[in-house]
Amino acid sequence: MSHRRLTPRDVENLLLDTEPWLSCDDCFELVDRHVEHLLAGDTTLPAMRRHLRGCPACAEEAATLVVLAAQETGQDPAPALDVIGSGAP
């Protein structure tokens, strides 16, 4: 059996504060609104920020939506992607 050493990012993710807590289902229901807020420069949904930081699958979904929505409106997606912390999909 092969073991991979934890990276500093792995340890940071394990120690993330999960309050306020959102499930992936909750995140899925809120992601459109969160993307709209991010593209408007508003980052006031702390539960979403925390969930996306700790959940790579949801963060990838949000990043994809940011890129698509930004293309549609002619905006630069980089600031919103920085908030998500996942980079471009």
Side-chain angles (χ1 to χ4, degrees):
M1 179 194 268
S2 163
H3 295 284
R4 179 178 70 89
R5 293 183 67 79
L6 291 176
T7 66
R9 176 70 177 173
D10 294 333
V11 172
E12 183 180 328
N13 284 340
L14 287 170
L15 298 174
L16 284 175
D17 181 7
T18 59
E19 293 297 327
W21 185 82
L22 280 181
S23 69
C24 290
D25 288 337
D26 295 334
C27 181
F28 183 75
E29 288 186 25
L30 295 171
V31 71
D32 291 339
R33 185 170 63 134
H34 186 62
V35 166
E36 290 172 3
H37 282 259
L38 290 176
L39 289 173
D42 178 11
T43 60
T44 61
L45 298 171
M48 283 293 291
R49 285 197 324 269
R50 287 192 174 150
H51 182 84
L52 295 176
R53 184 139 182 246
C55 181
C58 289
E60 183 178 339
E61 175 77 14
T64 299
L65 288 174
V66 163
V67 170
L68 292 172
Q71 286 175 346
E72 189 174 291
T73 60
Q75 291 179 269
D76 178 10
L81 291 171
D82 287 343
V83 172
I84 293 170
S86 65

Does a side-chain heavy-atom distance below 4.5 Å link Cys55 with Cys24?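 Cys55 reaches Cys24 side chain to side chain.
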Contact between Leu45 and Leu30 at the side-chain level, heavy atoms closer than 4.5 Å - yes or no?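 No. Closest side-chain heavy atoms not under 4.5 Å.
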Inter-residue atom distance Met48.CE - Ile84.CD1, 0.5 Å rounding: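 Between atom CE of Met48 and atom CD1 of Ile84 there are 8.0 Å.
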Run the side chain to side chain contact (heavy atoms under 4.5 Å, CB included) test against Asp76 and tell me which residues pass, sequence neighbours left out.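 Per chain and number, Asp76 pairs via side chain to side chain contact (heavy atoms under 4.5 Å, CB included) with Ala78, Pro79.
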What pair of heavy atoms forms the shortest contact from [X] to [Y], and how long is it?
{"X": "Leu39", "Y": "Ala80", "answer": "CD2-CB, 4.1 Å"}
{"X": "Leu52", "Y": "Ala59", "answer": "O-CB, 3.3 Å"}
{"X": "Val83", "Y": "Arg49", "answer": "CG1-CD, 3.8 Å"}

Listed once per pair and sorted, the side-chain hydrogen bond (donor to acceptor under 3.5 Å, both in side chains) pairs that draw on residues 27-37, sequence neighbours left out: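 Applying side-chain hydrogen bond (donor to acceptor under 3.5 Å, both in side chains) to every pair that reaches into residues 27-37, excluding sequence neighbours, yields His37-Asp42.
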The criterion is side-chain hydrogen bond (donor to acceptor under 3.5 Å, both in side chains); which residues satisfy it with Arg5, sequence neighbours excluded?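 Not a single residue meets the side-chain hydrogen bond (donor to acceptor under 3.5 Å, both in side chains) criterion with Arg5.
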Only distances under 3.5 Å count here; give the side-chain donor-acceptor pairs of residues 66-74 to other protein atoms, sequence neighbours excluded, each with its distance to 0.1 Å.
residue, atom, partner, partner atom, Å
Thr73, OG1, Ala69, O, 3.1
Thr73, OG1, Ala70, O, 3.4
Thr73, OG1, Gln75, OE1, 2.8

